[in-house]
2 protein chains.
Amino acid sequence: MPILQPSSLHRTPKALDYGTYGLCTRVHKNARSTAVRARAGLRNSPLPGESRGAGAPAWRVSTRTVEPVKSRVTAQHVADRAGVSRSAVSRCFGDGQVSDDTRKRIETAAEELGYRPNAIARSLTGRSTGLVALLVAEMDNPHVDIVLKKLLLAIAEADKRALVIPETPRQDVTESTMHALDYQVDAIVVVGGTVSDRVVGQLRALDTPVFQFGRQLAGLGGVACDSHLGGLLGGQFLIRSGRTRIAYVTKTSSTDSNQRRRAGLAAALGAAGLPLLEELSEDNSFEGGYNAATRLFARLERPDALFCFNDMFALGALQAASAFRLRVPEDVAILGFDDIPMAAWPAFALSTLRPNLDAQIARLMAMIAEVCDGAPPRRTVDLVVPELVIRRTAC
Amino acid sequence: MPILQPSSLHRTPKALDYGTYGLCTRVHKNARSTAVRARAGLRNSPLPGESRGAGAPAWRVSTRTVEPVKSRVTAQHVADRAGVSRSAVSRCFGDGQVSDDTRKRIETAAEELGYRPNAIARSLTGRSTGLVALLVAEMDNPHVDIVLKKLLLAIAEADKRALVIPETPRQDVTESTMHALDYQVDAIVVVGGTVSDRVVGQLRALDTPVFQFGRQLAGLGGVACDSHLGGLLGGQFLIRSGRTRIAYVTKTSSTDSNQRRRAGLAAALGAAGLPLLEELSEDNSFEGGYNAATRLFARLERPDALFCFNDMFALGALQAASAFRLRVPEDVAILGFDDIPMAAWPAFALSTLRPNLDAQIARLMAMIAEVCDGAPPRRTVDLVVPELVIRRTAC
DNA sequence: CTGAAAGCGCTTACAG
DNA sequence: CTGAAAGCGCTTACAG
């Protein structure tokens, strides 16, 4: 056995740990209270890692100075040093009542020892874990990237921790969810629209609150952009700008949001007595948008406006227009959805619908806060109104 | 008190829980062993949520059928139902020795009850938590997005869970790290180059293994793209293609990788006896690249090649070239770094250096697996050779 | 306000 | 192989 180093300590077998470092081994449960320890002469015990109690420090086997161990400082260490009970330390770091004097001594001791309550142990007692699971399904969608990023930030700001569980080729979302539940998360957020209804149904049966982000499944609480309204607003805008042959570039995997956007557009067109042209993007990406737009532009009666399911499609369509030497927006207007950062780049200046993510996330965090406070989880979806962002490609 | 529902159960106060549902209240610790329970007539106890033991089911206060409670099934429930001890159940789900017969009965009982070991409780005993903390500093960098996404996938594939801790405006990385440590994570990965050396120094003092991704700080284990080699390869390539006035578009926040890329380029240019032009991007984005390139193109002696710190800069530079009506690559070659997905888009066809992320992540995951197996954490950085991807903008 | 005790759900020597 | 017991680090009624 080489000389023990702080960094190797925490993986040393338990018994050796105690033996080598001479930490007090408990005789029996709860025998480690202040009174008992005081009787044994352990009051105001030294820093963990230093010798404690009577007898030669067994661990000082070499002349090398062993630095104080940084972690594994428990509430008991702090209690010993402050001359109080473990309960007092717990109350001090929790929301219990502690006298000013006690608090001060505990805080000093904790500071000196570098104590931080073990979140894992803390949550075992039935309190919340402070963990929010993010189930992310569409990892290839840049808009989901942004949503994920913003959610991570919001969760950190809310002083919670995000457990991110992606849908992998090997594991579907159901299995992933079960993994999340193993950690007793306070809430689960399903991000991305591709999770199947069957899976969401299973989720709903759990006793952990589940929320959906970006979809509108009945009976499950969450937030979403009002996709129908977005489709309607976009359609009306294109109609007002004089377009008459409006095509919708739709997605292969027919998600909730896609259907709603299309329905909103169809409503606007129907009201104006205009037909709804349509083209399917076989691939959920820039490439797919490019190909779909290419097919549209090759039609005998070319559309004069493309309303794309999302910005990536729209950027692909923009590229296709350029390949056809079509002027945008003169020959063809192109409208996206999502307002990804790229949409604002001067190279594209894409007109689009902005889902107002910050508002959505604020609502979601409020819902999470509610269930953390003990309220039953919401069963309704808050819809957030999207905003029409007019840039160059449609105006 | 309204009728109890499964979904409200887990937030009901503990005592009420037991009382209302008639679950066995422990008389004293460890008195709940099979033998004791058998004596009390509790062997092969029913599903949790159903009545257990003798006496009228106290919870059946309404005619409404209460469905079996889905969670809060503990090892004890399974043990009772299978007629074995809690230890046996633990061994069955851990890596202990169990006879075939016992295993079968436990698995059946677990299946029927929907039991899953509580990861939180499990990790308290000193085993690993299965949690890997990802400290993400540069949340605005699309390349970091991709790294994060790939890391999430890799961690899930390795059957671990990712605790993502972003650097927020409110919390710096040190504080975030402390939060991560509260959860006893198995390892911490610092993603992104902007974490200050001071902070990384503090991290190193912890007893939780820390790895760096994408930077090369001495003494701290991790993986990174060989930025110096990348700079050298890119420089040599531009020189071979006949460029003589080569400019480096550099970053304001002077990270490790930036300095190394620049040094590699400088080495290549020095060997060829060529000068190193330089321009600073004030903003770490497309916009910044655009502006820096604009200043370069406005110089009296315009550079004939731009080597950009990253692809975003290069895309901005591309846009600037178009604004100056410069032909790419005839008038000016543009070379990026990172090979973000957009670089491959036909609209850009950006030549760039690909960091070989998959190789980096595979190495990192191997390092993490090592420390999970009890090995001391590596203190060296594995460098992965970047690959020159030649598309249209430099060839 | 404070401490002793019991408990959270698990694992792991220990002794058969 | 198996069970009884002790323990992980915390919290929370309970009784002063």
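Because only heavy atoms are used, hydrogens play no part in the values below, and waters and symmetry mates are left out as well, while side chains stay in. In what follows, every chain begins at residue 1, and chains take the letters A, B, ... in the order their sequences are listed.
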Exercise. In whole angstroms, how far is the P atom of C:dT2 from the CD atom of A:Q97?
Worked result: 10 Å
For this session: Mind listing the closest non-hydrogen atom pair of A:L113 and A:V73 along with its distance?
Result: O-CG2, 3.4 Å
Exercise. Side chain of A:R91: nearest nucleotide among D:dT2, D:dT12, D:dG7?
Worked result: D:dT12
Problem set entry | Spatial distance of atom CG (A:N118) from atom CG (B:D182) [nearest 0.5 Å] | 8.0 Å
Exercise. Hey, is B:R105 close enough to B:D101 for a salt bridge, meaning N to O under 4.0 Å?
Worked result: yes
For this session: Write down the distance between CD (B:Q76) and P (C:dC10), rounded to a whole number of angstrom.
Result: 10 Å
Exercise. So which nucleotide from D:dT11, D:dG3, D:dG7 ends up closest to the side chain of A:R86?
Worked result: D:dT11
Exercise. Any sub-3.5 Å donor-acceptor pair from B:D186's side-chain atoms to B:V132's backbone N or O?
Worked result: no
Problem set entry | Side-chain donor or acceptor of A:R161 paired with backbone N/O of B:I165 under 3.5 Å | no
Seminar exercise, completed: Picking from C:dT12, D:dG9, C:dA4, the nucleotide nearest the side-chain atoms of A:S87 would be C:dA4
For this session: Would you please confirm or rule out a distance under 4.0 Å between OP1 or OP2 of D:dC10 and any side-chain N or O of A:Y115?
Result: yes
Exercise. What distance, rounded to whole Å, do you find between the two C1' atoms, one in D:dG16 and one in D:dT12?
Worked result: 16 Å
Exercise. Could you state the CD1-P distance from A:I106 to C:dG3, rounded to the nearest angstrom?
Worked result: 8 Å
Exercise. Is there a donor-acceptor pair closer than 3.5 Å between any side-chain N or O of B:T129 and the backbone N or O of B:Q184?
Worked result: yes
Problem set entry | Gap separating the OH atom of A:Y183 from the CZ atom of B:R116, nearest 0.5 angstrom | 10.5 Å
For this session: Provide, to the nearest angstrom, the distance between the CG atom belonging to B:D182 and the P atom belonging to D:dC8.
Result: 19 Å
For this session: Tell me which of A:V98 and B:A121 sits closer to the 5' end of DNA chain C, going by the nucleotide each one is nearest to.
Result: A:V98
Seminar exercise, completed: Checking D:dC10, C:dA5, D:dA5 against the side chain of A:A75 (C-beta onward), the nearest is D:dC10
For this session: Would you indicate, yes or no, if D:dT11 has its OP1 or OP2 atom less than 4.0 angstrom from a side-chain nitrogen or oxygen of A:S90?
Result: yes
Problem set entry | Candidates D:dT12, D:dG3, D:dC1 - which lies nearest the side chain of B:S85 | D:dG3
Seminar exercise, completed: Winner on side-chain proximity to A:T125, out of C:dC10, C:dC1, D:dT12, is D:dT12
Exercise. Could you state the CG-C1' distance from A:N118 to C:dC10, rounded to the nearest angstrom?
Worked result: 14 Å
Exercise. Do side-chain atoms of A:S90 reach the backbone of A:R86 as a donor and acceptor pair under 3.5 angstrom?
Worked result: no
Exercise. What's the CG-P distance between B:D95 and C:dT11, to the nearest Å?
Worked result: 9 Å
Exercise. At under 4.0 Å, does any side-chain N or O of B:S99 touch on OP1 or OP2 of D:dC1?
Worked result: no
Exercise. If you write DNA chain D from 5' to 3' in dot-bracket form, with Watson-Crick or G-U pairs under 3.5 Å, [ ] for crossing pairs and | for pairs with another strand, what do you get?
Worked result: |||.||||||||.|||
Exercise. OP1, OP2 of D:dT2 versus side-chain N and O of B:T102: anything below 4.0 Å?
Worked result: yes
Exercise. Whole-Å distance between C:dG9 P and B:H77 NE2?
Worked result: 8 Å
For this session: Measure the distance from CZ on A:F93 to P on D:dT12 and round it to the nearest whole Å.
Result: 15 Å
